[in-house]
Amino acid sequence: MPSLQPYSTFGLAASCDSIQSFSDVTSFLSIFKTSKNNNKAIYILGGGSNSVFTDDFDGTILVNEIKGISHFDTESHHYLRVGAGENWHDFVTLCMKEKWYGFENLALIPGSVGACPIQNIGAYGREVNTLIDKVECVFLETGEQVLVGNEDCQFGYRDSVFKHALANKVLITHVNFKLPKHYELETSYGELAALTEPTPEKVYSKVIEIRKSKLPDPAELGNAGSFFKNPVVSKAVFQVIAQDYDSVPHFVVHGGVELPATENEQIKIPAAWLIDQAGFKGKTLNKVRCHPTQPLVLTNLGGATGNDVITMAKDIIASVQGKFGIQLEPEVRLLGSKGLISL
């Protein structure tokens, strides 16, 4: 049975029945049909930075390697069509080189381009949904190819229609982006606010610097990036917490966009802060550690098991729930022998 360890940045020891890659829709549909006829579970994998295999997978892993980047522009916008199998950070770096600006806040996020609309990836005040024009998909059962427009993607915070109505029903083959040539840089978030005379290049470089200083490199220390979503709570819940913690960091959410907090009903509280306050920053359980500089990240110290990961995650969820009354949700996709599992 082939090992899944090289296909997941968390690096747990796990295997599966078979691993097959595809580079176009025709080959994908052929492989998918054959795998399904064998009555085995199927899981489609991109860069493996958001999937944690907690057990041997009793089925076939299909690796998306659809590549290609095309570009044209008008007087007002750049238009990009990008294969879902392209590496996200490599794509962002190319855009910076070509001066196709807009992605600079999203530099160094691990994973593939095809994962970006599913998660509606975001960082440092920018979410990718503001730059997506449409998503190209193929229905798994029928092979029908469709275009899903931005509004129909139903984007939310770390959320989209691909996690709900279209979950496990479509394969994302390409993502189409629309970048305005004239736009305002987003520098209000955290350390970006200290930039003098900011440019897209300065924001890009600063984001990389910040991420490298706070986040472990998966090539050196197994991890899946942010393990939990930052919870969005009501104003009433936030005010209860603020009574005991007047310095609690927080951001107001307006339609998925973070703004400096004033008055609003929906407040985002960093999960890292909640986990830190619950006493898990730097804590180790067997071979799983809550990272000492970014407690939102769980790491594999080497030889961690799926049970170690699940136990640590459940302990964090229970502690934060008990201390603050907030239910943390995993951002990563946890897989067991039959497929996705829930905590």
List the atom pairs, donor and acceptor, that lie under 3.5 Å between side-chain atoms in residues 279-289 and the rest of the protein, sequence neighbours left out.
unit_1 : atom_1 : unit_2 : atom_2 : d
Asn286 : ND2    : Asp308 : OD1    : 2.9

For this session: Without swapping roles, check the side chain of Ser160 against the backbone of Phe162 for a donor-acceptor pair under 3.5 Å.
Result: yes

For this session: Look at the side chain of Asn150 and the backbone N and O of Asn129, then say whether any donor-acceptor pair between them is shorter than 3.5 Å.
Result: yes

Exercise. Same hydrophobic cluster for Ile316 and Val248, using side-chain heavy-atom links shorter than 4.5 Å among ILVMFWY?
Worked result: yes

Exercise. Just checking, is any N or O donor in the side chain of Ser188 or Glu186 under 3.5 Å from an acceptor N or O on the other one?
Worked result: yes

Problem set entry | Partner residues of Gln243 under the side-chain hydrogen bond (donor to acceptor under 3.5 Å, both in side chains) criterion, sequence neighbours left out | none

Exercise. Checking Ser30 side chain against Ser27 main chain: does a donor-acceptor pair fall under 3.5 Å?
Worked result: no

Exercise. Do any N or O atoms from the side chain of Gln294 and from the backbone of Leu296 form a donor-acceptor pair under 3.5 angstrom?
Worked result: yes

Problem set entry | Side-chain heavy atoms of Leu140 within contact of Phe28, under 4.5 Å | yes

Exercise. With sequence neighbours left out, which residue pairs that include part of residues 215-228 fulfil the side-chain hydrogen bond (donor to acceptor under 3.5 Å, both in side chains) condition?
Worked result: none

Exercise. Would you say the side-chain atoms of Lys181 pair up with the backbone N or O of Thr74, donor to acceptor, closer than 3.5 Å?
Worked result: yes

For this session: Give the intermediate values and the outcome of side chain to side chain contact (heavy atoms under 4.5 Å, CB included) for residues Leu221 and Leu301.
Result: CA-CA 7 Å; Leu221 185 64; Leu301 298 179; 4.2 Å; yes

Problem set entry | For Lys214, all residues meeting salt bridge (Lys or Arg N to Asp or Glu O under 4.0 Å), sequence neighbours excluded | Glu191

Exercise. Taking a hydrophobic cluster as the set of Ile, Leu, Val, Met, Phe, Trp and Tyr residues connected by side-chain heavy atoms closer than 4.5 Å, whether directly or through intermediates, do Leu166 and Ile44 fall within one such cluster?
Worked result: no

For this session: Could you check whether the rings of His78 and His71 sit parallel, tilted or perpendicular, using 30° and 60° as the cut-offs?
Result: tilted

Problem set entry | Spatial distance of atom CD (Glu65) from atom CG (Asp24) [nearest 0.5 Å] | 11.5 Å

For this session: Verify the distance criterion only: is there a donor paired with an acceptor across the side chains of Thr34 and Asn37 at less than 3.5 Å?
Result: no

Problem set entry | Stepwise ring-ring contact (aromatic ring centres under 6.0 Å, His included) check, Trp273 with Tyr245 | CA-CA 11 Å; Trp273 182 85; Tyr245 301 88; 5.4 Å; yes

Exercise. By salt bridge (Lys or Arg N to Asp or Glu O under 4.0 Å), which residues pair with Glu329, not counting sequence neighbours?
Worked result: Lys229

Exercise. What about Leu45 and Leu12, same hydrophobic cluster or not, with Ile/Leu/Val/Met/Phe/Trp/Tyr joined at side-chain heavy-atom distances under 4.5 Å?
Worked result: no

Exercise. Ser8 side chain to Gln5 main-chain N or O, any donor-acceptor pair under 3.5 Å?
Worked result: no

Problem set entry | Shortest non-hydrogen separation from Asp90 to Asn87 and the atoms involved | N-OD1, 2.9 Å

Exercise. What class does the angle between the rings of Phe10 and Phe227 fall in, given that below 30° is parallel, 30 to 60° is tilted and above 60° is perpendicular?
Worked result: perpendicular

Exercise. Where the side chain of Asn300 meets the backbone of Gly11, is there a donor-acceptor pair that is under 3.5 Å apart?
Worked result: yes

Problem set entry | NZ on Lys323 to CG on Asp244, rounded to 0.5 Å | 9.0 Å

For this session: Would you mind listing every side-chain hydrogen bond (donor to acceptor under 3.5 Å, both in side chains) that reaches into residues 103-117, with sequence neighbours excluded?
Result: Glu104-Tyr183

Exercise. When the ring planes of Phe103 and Trp88 are compared, do they come out parallel, tilted or perpendicular, using 30° and 60° as the limits?
Worked result: perpendicular

For this session: Would you please test Phe251 and Tyr189 for ring-ring contact (aromatic ring centres under 6.0 Å, His included) and show each step?
Result: CA-CA 10 Å; Phe251 303 91; Tyr189 199 102; 4.8 Å; yes

For this session: Could you list the residues that satisfy side-chain hydrogen bond (donor to acceptor under 3.5 Å, both in side chains) with Lys169, not counting sequence neighbours?
Result: none

Problem set entry | Closest approach of His89 to Leu108 (non-hydrogen atoms, all atoms of both residues) | ND1-N, 2.8 Å

Problem set entry | Those residues that, when tested against Ile317, pass side-chain contact (heavy atoms from CB on, under 4.5 Å) (two or more places apart) | Phe228, Gln327, Leu328, Leu343

Exercise. Is there a donor-acceptor contact under 3.5 Å linking the side chains of Tyr124 and Thr187?
Worked result: no

Seminar exercise, completed: Heavy-atom closest pair (Ala224 atom, Thr9 atom, distance to 0.1 Å) is CA-OG1, 3.9 Å

Problem set entry | Hydrophobic cluster identity match, Ile118 and Val82, side-chain contacts under 4.5 Å | yes

Problem set entry | salt bridge (Lys or Arg N to Asp or Glu O under 4.0 Å) partners of Lys33, counting only residues at least two apart | none

Distance-only donor-acceptor pairs under 3.5 Å for side chains of residues 50-64, two or more places apart:
unit_1 : atom_1 : unit_2 : atom_2 : d
Asn50  : ND2    : Glu331 : O      : 3.3
Ser51  : OG     : Tyr43  : OH     : 2.7
Thr54  : OG1    : Leu335 : O      : 2.8
Asp56  : OD1    : Ser15  : N      : 3.0
Asp56  : OD1    : Ser15  : OG     : 3.2
Asp58  : OD1    : Lys40  : NZ     : 3.1
Asp58  : OD2    : Lys338 : NZ     : 2.9
Thr60  : OG1    : Ser18  : OG     : 3.1
Asn64  : OD1    : Ile66  : N      : 3.0
Asn64  : ND2    : Ile172 : O      : 3.3

Exercise. Is there a chain of hydrophobic side chains (I, L, V, M, F, W, Y, each step under 4.5 Å between heavy atoms) that links Ile31 to Leu4?
Worked result: no

Exercise. So, the side chain of Asp73 versus the backbone of His77: is there a donor-acceptor pair under 3.5 Å, distance only?
Worked result: no

Problem set entry | Point-to-point distance, once rounded to the nearest 0.5 Å, from CE of Met96 to OG of Ser205 | 7.0 Å

Exercise. Listed by chain and number, what are the salt bridge (Lys or Arg N to Asp or Glu O under 4.0 Å) partners of Glu75, not counting sequence neighbours?
Worked result: none

For this session: Check whether any side-chain heavy atom of His291 sits under 4.5 Å from a side-chain heavy atom of Pro216, and report yes or no.
Result: yes

For this session: Give every residue pair that meets the salt bridge (charged side-chain N to carboxylate O under 4.0 Å, His left out) criterion with at least one member in residues 137-147, sequence neighbours excluded.
Result: Lys36-Glu141

